[in-house]
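Quick notes on the structure that follows.
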Amino acid sequence: MNDRLNNLSSQYGQSPWIDNLKRSFLGAGGGLEALIARGVKGVTSNPTIFQKAIAGSNDYDEQFHSLIAGGLDTEAAYWVMASDDVKAACSQLLEVYSATNGVDGYVSLEVSPRLAHDTDGTIEAARGLHTTVAVPNLMVKIPATQAGLGAIEQMISEGRDINVTLIFSIDRYAGVIEAYLSGLERLVASGTTDLSGVASVASFFISRVDAEVDKRLDAIGSEAALALKGKAAISQAVLANHLFREQFSGPRWNRLVERGARVQRPLWASTSTKNPSYPDTLYVDSLIGPDSVNTLPDATLEAFADHGTLERTIDTVTAVADAVATMNGLGELGVDLADVAEVLEREGVASFAKSFEDLMATLETRKV
């Protein structure tokens, strides 16, 4: 079982990260330590993950009560607890960070979902998290909303490591790449000569795309429509990877490489299968390729470790041809992928916001 996770990175250049973080994972003998030993090279978190971790256990009660007694309000106490978990995870992954020369070993902490459409607020929050956590292997997560793009560029221009999240379309992904490249160029213009200390990933969401597109294909109901179910998400990711290869090449990129710039790796997120009729490793097996990350929920990681297929799949001639054919077919059927992306972004932001507000409400009840 260990070999699949280790070989994913050593033979195929794709880093497996775990999409989970909770206090019981941390410390000597905890789950994270064991996962790192098996080949996991990073950790991602989000407001929903912290909501489940904090509201679903008593692990945080003692610290929470102490923070409240010390004069912090509920939200401030949350950020201390979340930051402490992230710092502990970063400490456990520091050896991976060093061994990979800063390619892997990161832990991601997301800015408040209340800021999804607030550029200036996101910039201030991202700076604050970097200052508070103050470790070299933190990535602050910023959503790829229209407002988020400006914050992403600004953070990169300050040399900060960023995980761009909630990407649902190739058009928006192009905007994320532009924000990264422009940010690096601004960093150079400010006098920085070495860009090797800046790392970023672009989290392209997968399974949610199929869930929304499949619903629309079912509504169409034709044989041609039903034949395309379960293909949109992988096809879009294949073409996103193609765009990644195009954009991180050529004169503009080479000028940045001369100063040590690293590619902004695509990260395949939301890779559990929502449809139980699909193989449980579908969104791992089909998206394997170099210079990328797959962040896996616990069950998907265990499924891949047990019976996943190790093969370079994302950029084969067949994969690209099939992706183009699928996208053309969806267009001919009238499936509006721009509208799909808009719906999914709106739902994604709302879902994280609800988790955050639910957690704040739960913590309020624990004050007494």
**Study point:** Contact list for residues 236-273, test ring-ring contact (aromatic ring centres under 6.0 Å, His included), sequence neighbours left out
**Key:** Phe244-Phe248, Phe248-Trp253
**Study point:** ring-ring contact (aromatic ring centres under 6.0 Å, His included) partners of residues 299-332, not counting sequence neighbours, each pair once
**Key:**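 Every candidate ring-ring contact (aromatic ring centres under 6.0 Å, His included) pair involving residues 299-332 fails, so no pair, neighbours aside, qualifies.
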Practice item. Mind running salt bridge (charged side-chain N to carboxylate O under 4.0 Å, His left out) on Arg366 and Asp61 for me, showing each step along the way? Key: CA-CA 8 Å; Arg366 292 187 181 181; Asp61 288 358; 3.0 Å; yes
**Study point:** salt bridge (charged side-chain N to carboxylate O under 4.0 Å, His left out) against Asp218, all qualifying residues, sequence neighbours excluded
**Key:**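 Partners of Asp218 by the salt bridge (charged side-chain N to carboxylate O under 4.0 Å, His left out) criterion, ordered by chain and then number, come out as Lys229.
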Point to revise | Aromatic plane relationship, Trp79 with Phe356 - under 30° parallel, 30 to 60° tilted, over 60° perpendicular | key: tilted
Exercise for review: Carefully, step by step, assess Gln264 and Leu181 under the rule side-chain contact (heavy atoms from CB on, under 4.5 Å).
Suggested key: CA-CA 9 Å; Gln264 181 190 52; Leu181 296 177; over 6 Å; no
Within a 6.0 Å radius of atom [atom1] on [X], are there more than 12 heavy atoms belonging to other residues, nucleotides or ligands?
X      : atom1 : result
Glu124 : CD    : no
Lys354 : NZ    : no
Glu246 : CD    : yes

Check your understanding: Does a donor on one side chain sit under 3.5 Å from an acceptor on the other, for Asp210 and Tyr278?
Key ->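 Result is no, nothing qualifies.
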Review point. Counting distance only, does the side-chain N/O of His130 pair as donor-acceptor with the main-chain N or O of Met139 below 3.5 Å?
Key: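 No; zero donor-acceptor contacts below 3.5 Å.
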[X] and [Y]: which non-hydrogen atoms are nearest, and at how many Å?
X      : Y      : answer
Pro16  : Gln14  : CD-O, 3.5 Å
Gln51  : Ser355 : CG-O, 3.2 Å
Leu187 : Leu195 : CD2-CD2, 3.6 Å
Ser200 : Tyr180 : CB-CE1, 3.6 Å

Check your understanding: Roughly how far, to the nearest 0.5 Å, is CG of Asn101 from OG of Ser196?
Key -> 7.5 Å
Check your understanding: What distance separates Leu8 CG from Asp3 CG, expressed to the nearest 0.5 Å?
Key ->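 So the CG of Leu8 and the CG of Asp3 are separated by 12.0 Å.
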Assigning hydrophobic clusters by single linkage (Ile, Leu, Val, Met, Phe, Trp, Tyr; side-chain heavy-atom cutoff under 4.5 Å), is [X] placed with [Y]?
X      : Y      : result
Met327 : Val213 : yes
Leu333 : Val343 : no
Ile18  : Val103 : no
Leu5   : Trp17  : no
Leu129 : Ile162 : yes

Exercise for review: Let me see the working for Thr271 and Ser207 under side-chain contact (heavy atoms from CB on, under 4.5 Å), right down to the final yes or no.
Suggested key: CA-CA 6 Å; Thr271 53; Ser207 64; over 6 Å; no
Exercise for review: Applying side-chain contact (heavy atoms from CB on, under 4.5 Å), run through Val133 and Leu109 and close with a yes or a no.
Suggested key: CA-CA 10 Å; Val133 179; Leu109 176 61; 4.2 Å; yes
Check your understanding: Hey, does His65 have a side-chain heavy atom less than 4.5 Å from the side chain of Lys367?
Key -> no
Practice item. Side-chain contact test, heavy atoms from C-beta onward, threshold under 4.5 Å: evaluate it for Val335 versus Ile220 and give yes or no. Key: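 A side-chain contact exists here, since the closest heavy-atom pair is under 4.5 Å.
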**Study point:** Evaluation steps, side-chain contact (heavy atoms from CB on, under 4.5 Å), between Ile142 and Met155
**Key:** CA-CA 10 Å; Ile142 296 176; Met155 289 299 94; 3.9 Å; yes
